[in-house]
Structure formats: structure tokens, C-alpha cells
Asks: 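Quick one: the structure is below, questions incoming.
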2 protein chains.
Amino acid sequence: MIESEGVFDMITIKDIAKLAGVSPSTVSRVISGHPRISTETSLKVKQIMKELNYHPNMMAKSLVSKTTQTLGIMLPRPAEELFQNYFFGELLRGIITHATRNNYELLLSTETSSDDELQAISRLVHGRRVDGILLLGSKRDDPIITFLEEEKFPFVLIGRSETHPNAPMVDNDNVQTAYDATQHLIAQGHTRIGFVSGPPDVTLSHDRMRGYRKALDESGLTANNDWIVEGEFLQESGFRAMSLFMSLPDRPTAIVVIDDNVAFGVLRALAELGYQVPEDISVVSFNNIALSELASPPLSSIDIGTYQLGYTAVQVLLKILGNEPLTQNPVIIPHRLIVRESSLYMKAKPLQS
Amino acid sequence: MIESEGVFDMITIKDIAKLAGVSPSTVSRVISGHPRISTETSLKVKQIMKELNYHPNMMAKSLVSKTTQTLGIMLPRPAEELFQNYFFGELLRGIITHATRNNYELLLSTETSSDDELQAISRLVHGRRVDGILLLGSKRDDPIITFLEEEKFPFVLIGRSETHPNAPMVDNDNVQTAYDATQHLIAQGHTRIGFVSGPPDVTLSHDRMRGYRKALDESGLTANNDWIVEGEFLQESGFRAMSLFMSLPDRPTAIVVIDDNVAFGVLRALAELGYQVPEDISVVSFNNIALSELASPPLSSIDIGTYQLGYTAVQVLLKILGNEPLTQNPVIIPHRLIVRESSLYMKAKPLQS
DNA sequence: CTGAAAGCGCTTACAG
DNA sequence: CTGAAAGCGCTTACAG
């Protein structure tokens with residue numbers, strides 16, 4: 001004779017208690033696996049919970065336990081770039097996998113207004129919506145990190161912060177990634193190597209710029225400023241960079257590109273301008289997304305272990321939440337160069353044995 | 001002299017009440033914008049809240065209000081495909097934008113074990129973690145939809161369900177999208193047109209197959225079963241399909257491909273096999289992701305309004321939560337064919353005026 | 001216009 | 001091994 005069903009019912013711990021002939025406290029203890037509960041009552045209570053399809057109300061649980069079993073993912077503000085990149089999906093996959101495996105939910109949040117960057121995160125933190133926060137990338141001087149450190153709120157940065165060297169971080173060694181990419185081109189015999197970088201206020205761009213310069217320096221090569229351009233993580237950036245580079249009287253014969261996505265723009269521009277890759281210009285980029293292999297020509301790319309980056313970040317955050325000490329910080333995810341056609345122009349390397 | 005700071009403090013409504021010299025009830029009313037509160041007390045309370053940087057505890061609020069201001073995003077199970085697709089990012093961007101704009105948070109969840117598909121969603125629903133759920137795609141007979149309907153829990157399906165025609169849905173007219181794509185190829189003079197489809201248990205694949213056949217039928221053409229292949233939403237599928245098609249004695253001269261991502265695999269295979277697009281074979285696909293334009297050759301693609309799909313789905317879900325009537329169901333997002341080089345082989349169309 | 005009280009569904013000392 | 005009671009931080013009739 002029950003009329004109203006569905007969403008408006010809620011089976012509570014009291015209902016279970018009544019049916020099992022025990023107190024609510026006991027039911028609660030059964031749920032949480034309290035040690036001093038008789039096997040008999042435990043079994044009875046569990047059976048009734050199953051029969052009624054009981055699930056504890058997470059809000060009530062959170063209120064008293066002051067824990068939400070939820071991790072917040074904070075997206076950087078101009079999220080468009082992120083979303084247009086395969087990189088993001090793969091990172092998210094790593095995050096979801098490890099969070100789900102540990103029974104944590106994921107709350108997706110993003111900075112709303114530019115005038116109040118802290119509004120969204122402050123709502124999460126003060127509203128106790130999440131137990132910890134995952135920061136996807138950071139600006140070079142990021143107020144969010146300052147805020148989180150002041151609040152002593154658990155978080156992990158995927159990326160690196162210069163201004164907050166003690167923040168828990170999971171990152172690649174991005175000086176080294178760019179060094180390796182550049183070194184590979186040098187080994188191919190190139191001496192005129194350009195760099196298509198990302199936004200200058202992003203630490204990642206900065207680090208890779210350093211690696212690029214370091215490799216050139218060590219080989220006694222000079223970085224010509226005409227061969228360096230900064231942009232966004234968008235294909236358009238790569239496209240524009242090539243229009244620029246290829247009109248130079250003294251063109252680079254090889255370029256390092258900050259991101260595969262940008263490199264696609266590069267390839268497209270070069271095709272339209274009638275240049276051959278790698279014959280006219282060699283290309284190496286970063287991230288090694290699934291499409292790199294399918295580009296024409298297939299793109300040499302530094303695999304940064306994107307999935308592992310996300311997976312590990314969750315791992316570190318859960319460690320922090322469990323008050324385990326962090327044995328190392330930052331955690332560095334290994335990278336490796338995947339050489340494909342776009343940088344394999346052997347004729348450019350006549351002196352190599 | 002306060003020692004313990006940060007995460008372990010919590011300013012409550014009581015603290016504000018005490019400092020403002022009012023009762024907690026009044027503070028609560030000020031927060032919720034209750035009409036019968038004097039401007040004076042309202043102002044005083046608000047000021048103190050600001051001074052102490054007070055944010056209401058969302059868990060407590062949820063517990064009593066039985067509302068979470070959170071929408072759940074349910075990812076389909078083999079999430080790998082989704083994540084490897086730009087489509088997903090763009091959809092997510094539409095969802096986040098409109099949810100954030102309406103002060104809703106987003107909870108990201110995914111089916112965990114294959115033996116218990118309902119576990120994750122049942123936790124969300126019974127645990128009262130979210131107010132409504134967004135389903136990204138569905139199988140042809142999806143137990144999740146059955147569950148949600150039985151529970152009378154608010155949800156919107158991005159996609160279409162055949163078995164549950166009354167479920168709130170936001171979708172393209174996917175018979176028409178495929179019809180248009182096929183029709184375009186017919187208009188180019190093609191009579192031998194193949195179809196590289198997705199997983200057969202996905203409604204989307206099914207609908208597009210119908211549109212493809214319909215267009216052929218109407219033009220008096222026959223769908224040769226050798227020219228139809230089903231696969232995943234992965235590049236590999238496109239690659240394999242071409243190995244198959246191009247070894248046929250009687251090859252198609254044009255193909256419709258279920259997804260841009262798959263089409264990239266198609267293009268790659270054709271390049272490797274030494275065929276020219278569109279000269280040897282024309283290609284049209286779906287989604288019109290940012291990279292379509294940059295493929296070689298640039299890919300003709302049906303723009304399905306991905307961002308709008310996500311945006312609208314949130315809009316519909318919020319309507320349901322607000323008990324507003326749905327004036328139409330399903331909501332159909334318009335599509336349009338973007339013609340690019342991959343399907344523009346005019347020489348194949350000698351008889352067209 | 002405002003306050004006291006009850007209650008949302010859970011957990012956890014305290015006592016036995 | 002188990003129960004009664006207090007409490008988490010909020011909201012909302014009820015009364016004035």
C-alpha cells in the first residue's frame with residue numbers, strides 16, 4: 001500500500017536496526033567492521049541490509065566523520081586548451097582508475113571568475129566537499145597553491161611550482177625531457193634547432209625552455225631568438241609558428257615542439273607551405289598521444305607517462321590523507337623518447353658513424 | 001594564541017550567530033535569503049560572515065535539505081575509448097560550463113566491475129551523493145537506465161535509448177546525420193559506398209547504420225555487406241577496416257566512418273597502402289573534432305554540436321530537478337556537414353550539372 | 001522580524 | 001559484545 005516510492009524514500013540505519021532487533025549503534029558498527037561484534041549479529045544485520053538494499057547516506061556519514069571519500073580535481077582556468085587535448089583524457093583516466101580503486105569519488109571543479117580565482121576552491125575547502133585536491137598544472141606564481149598551503153589543506157600538484165618548492169608534486173623532469181628531445185636532434189646532425197613553446201607563465205614551458213637551451217649550450221650551439229616562439233597549447237600556435245619560421249632568411253632545420261597537439265598544427269602548416277618533414281625540417285614534440293603515431297609523417301614524441309602521472313598523483317594524495325610520510329618530493333615520472341619518422345632524416349647526419 | 005589552524009577548524013553558523021548577537025536560525029535565514037529578515041541584521045550577519053570567511057558546511061546542508069547541488073557524470077564502462085577521443089573533452093566542457101554557471105558541482109563516476117554494473121550508480125543514488133545523473137551514452141539495452149527509472153531518480157541520457165523511449169534524452173538525429181553524410185557522397189557521384197561503423201551494441205552505431213542504408217535505398221543503390229564493417233571508436237578499427245576493404249576485388253569508392261578518430265586510422269591505412277584520398281576513395285566521418293581540419297587531407301565531417309550536447313543535457317537535467325515540464329523529448333541538437341577535401345573529388349561526378 | 005526546539009542520518013565515547 | 005545518549009552543522013515548522 002505504499003504509494004510514494006523512489007527518490008523520496010530512504011532506508012536508514014534505524015530501519016535496519018529495528019528489523020534486526022538491535023540498536024542503531026550496532027548496525028553502524030557492523031557497517032564499519034568494528035572488531036567487537038559477534039559474528040551472529042553481524043551476519044543478521046548484513047543480511048537485512050542486503051534484503052532492503054541499504055546504502056548509508058554519505059552526507060550524514062561525512063558530517064560526523066568529517067571525511068567525504070571524495071577528491072577534488074581542479075582544472076586550470078582557460079580549460080579550453082586542456083579539453084582540446086588528448087593528454088587531458090589520458091591523465092583523467094589515470095586519476096579515475098586509482099581513485100575508484102580506492103573507493104574515492106571525484107569532484108570536477110574549475111575556476112569560475114577571473115576576478116576571484118579562489119572562489120571555487122574556497123568553496124570546496126571551506127564547504128568540506130572534498131578530502132583533498134588534485135591540481136592539474138599551475139601557473140608560475142599560483143594563488144591557489146598559496147591558499148591551499150595557508151589552509152593546510154591536503155593537495156597534490158601535477159606539475160611543478162617554483163614559488164612553492166615544498167608543495168607535494170608529481171611531475172616529469174621537464175628540463176630533462178626537453179634536453180633529450182633537443183639532444184636527439186643534435187645527434188641527427190642538426191645545428192639550427194628552434195623551439196615552439198607554450199604560454200610563458202606556465203612552469204612547464206619554462207622548464208622545457210631550460211632543457212632546450214641546456215642541450216644547445218652543451219653542444220656549443222646557440223639558440224637563435226628568431227627560432228623561439230611562445231604560444232598556447234593549441235594547433236593554431238604551431239601553425240602560426242611555422243608561418244613565422246619558414247619565412248626567415250635563416251631557417252631552423254629542426255624544431256622541438258611543446259606538445260603533440262601544437263605539433264599537428266606545425267605539420268599542417270608545413271604541408272600547406274610545401275615543405276617536407278623530416279627532409280626540410282625535423283620535428284620532435286611531447287606527450288606521445290595516441291595520434292602521434294598516425295600523423296603524417298609519424299611524430300617523434302617524448303612519452304611522459306601521462307596515465308601514470310594521474311595515477312601517481314592520486315596515490316600521493318591518498319598517502320597524505322593517510323598521514324603517511326612522503327618519502328620523496330617531487331615524485332618524478334620517467335619519460336622516454338619515441339623516435340618516429342618526423343625526426344629521422346639520416347641524410348642530415350653525414351658525419352655520424 | 002590559537003595553535004591549531006587550517007583544516008581542523010571550522011567556523012559554524014553558531015560562531016557567526018554569537019558574534020552577531022542573533023540566533024543560528026537567523027543566520028541560516030540570512031544565508032538562504034529569507035524574505036522576512038530586517039536589512040539591518042542581514043547586513044550585520046553578512047559582514048561578520050565575510051570577516052570570518054565563513055562558508056557553510058555543504059554536508060550538513062545536504063543532510064537536512066536532501067539536496068547536494070551536485071550532478072553525477074556516469075562514464076560508460078570501457079572508458080578507454082572515450083578518453084582517447086577529443087569528443088569527450090568537448091562534451092565535458094559543455095557540461096562543466098553550464099553546471100558551474102548554475103552553481104552545481106560535478107561528480108565523475110564510472111562503472112567499476114563488470115559483474116556488478118549497478119554498483120557505482122547505486123552508491124550515488126542510494127547514498128544521496130548527487131541530485132541527478134548525466135549518462136554519457138548507453139548500450140542498446142542498458143540496465144542503468146532501467147535502474148534509474150525504477151528508482152525514479154532524475155537523469156538525462158546523452159544519446160538515445162530504444163528500450164526506454166520515455167527516458168529524458170539529448171541527442172542528434174543520428175539516422176539523419178548518417179543519411180546526410182551518405183547523401184553527400186552520392187551527390188558526388190559515388191555508387192559504391194561503404195560504412196565503417198562502431199560497436200553494434202551501441203545505439204549510435206545502429207542509428208547511423210540505418211541512415212546510411214536509407215540514403216542508399218532512396219537512391220536505388222545497394223549496400224554491399226562486404227563494404228560494411230563494425231568495430232570500436234578507435235583508430236585501429238579504421239586501420240583494420242581499410243586493410244579489409246582495399247583488398248576486395250570490388251572496392252568501394254567512398255566510405256562513411258562512424259567517428260573522426262576512426263577516420264584518422266582510415267587515412268593512415270590508406271596512406272600506407274598507397275591510396276590517395278579523395279581520388280581513390282572519399283571519406284566522410286562524424287564529430288568534426290578540432291583535428292579533422294588538420295588531417296591530410298582535411299576531413300569532411302558531420303559537426304554534431306558536441307559542446308551544445310553537453311550544455312543542453314545539463315539544462316534539461318536542471319529542468320527536471322526544478323520540476324519544470326519537459327516540453328520536448330528527446331531534445332535534438334542540430335548537425336551540419338562540413339565539407340572538406342577528403343570527400344571533394346569532383347572528377348568522380350562527371351554527370352552532375 | 002526572530003528564537004527555541006526538533007530533526008536530518010550517521011558515529012562514537014561512555015557505560016555496562 | 002551491545003545500547004543510550006550526545007553531537008556533527010545545518011534547516012524549518014512553530015510560536016511569538
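Each chain gets a letter, A, B and so on, in the order the sequences are listed, and its residues count up from 1.
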Asks: With a 3.5 Å distance limit and no angle check, can you tell me whether Asp131(A) reaches the backbone of Thr68(A) through a side-chain donor-acceptor pair?
Replies: yes
Asks: Pick base, sugar-phosphate or nothing for Ile37(A), based on heavy-atom distances below 4.0 Å to the nucleic acid.
Replies: sugar-phosphate
Asks: Between dC10(D) atom C1' and Met58(B) atom CE, what is the distance in whole Å?
Replies: 11 Å
Asks: Considering every strand and a 4.0 Å limit on heavy-atom distances, what is the contact class for Ser62(B): base, sugar-phosphate, or nothing?
Replies: nothing
Asks: Do Phe88(A) and Thr306(A) have side-chain heavy atoms sitting under 4.5 Å apart?
Replies: no
Asks: Given dG3(D), dC8(D), dT2(D), identify the nucleotide with an atom nearest to the side chain of Ser38(A).
Replies: dT2(D)
Asks: Can you build the contact string for nucleotides 11-16 of chain D? Use B for base contact, S for sugar-phosphate-only contact, and - for no protein heavy atom under 4.0 Å.
Replies: BBBB--
Asks: Please give, in whole Å, the distance from dC10(D) P to Lys14(B) NZ?
Replies: 10 Å
Asks: Quick one: does any side-chain atom of Asn102(B) pair with a main-chain N or O of Tyr104(B) as donor and acceptor, under 3.5 Å?
Replies: no
Asks: Does the structure show a Watson-Crick or G-U wobble partner for dA13(D), both distances under 3.5 Å? Name it, or say none.
Replies: none
Asks: Met49(B) versus Ile31(B): any side-chain heavy-atom pair under 4.5 Å?
Replies: yes
Asks: Of the candidate nucleotides dG3(D), dG9(D), dT2(D), which contains the atom at the shortest distance from the side chain of Asn57(B)?
Replies: dG9(D)
Asks: Specify the separation, in whole Å, of atom CD1 of Ile11(B) and atom P of dC10(D).
Replies: 10 Å
Asks: Roughly how many Å is it from CG in Asp15(B) to P in dC10(D), rounded to a whole number?
Replies: 9 Å
Asks: Whole-Å distance between dC8(D) C1' and Arg129(A) CZ?
Replies: 17 Å
Asks: So do Ile121(B) and Phe153(B) actually touch side chain to side chain, heavy atoms under 4.5 Å?
Replies: no
Asks: My understanding is that only one of Lys50(A), Lys44(A), Glu51(A) makes a side-chain hydrogen bond (donor to acceptor under 3.5 Å, both in side chains) with Gln47(A); could you say which?
Replies: Glu51(A)
Asks: Please compare Thr12(B) and Thr39(A) by the position of their nearest nucleotide in DNA chain D and report the one closer to 5'.
Replies: Thr39(A)
Asks: In whole angstroms, how far is the P atom of dG3(C) from the NE2 atom of His34(B)?
Replies: 13 Å
Asks: What integer distance in Å separates Lys18(B):NZ from dG3(C):C1'?
Replies: 16 Å
Asks: To the nearest 0.5 Å, what is the distance between CG on Asn53(B) and OG on Ser122(A)?
Replies: 5.5 Å
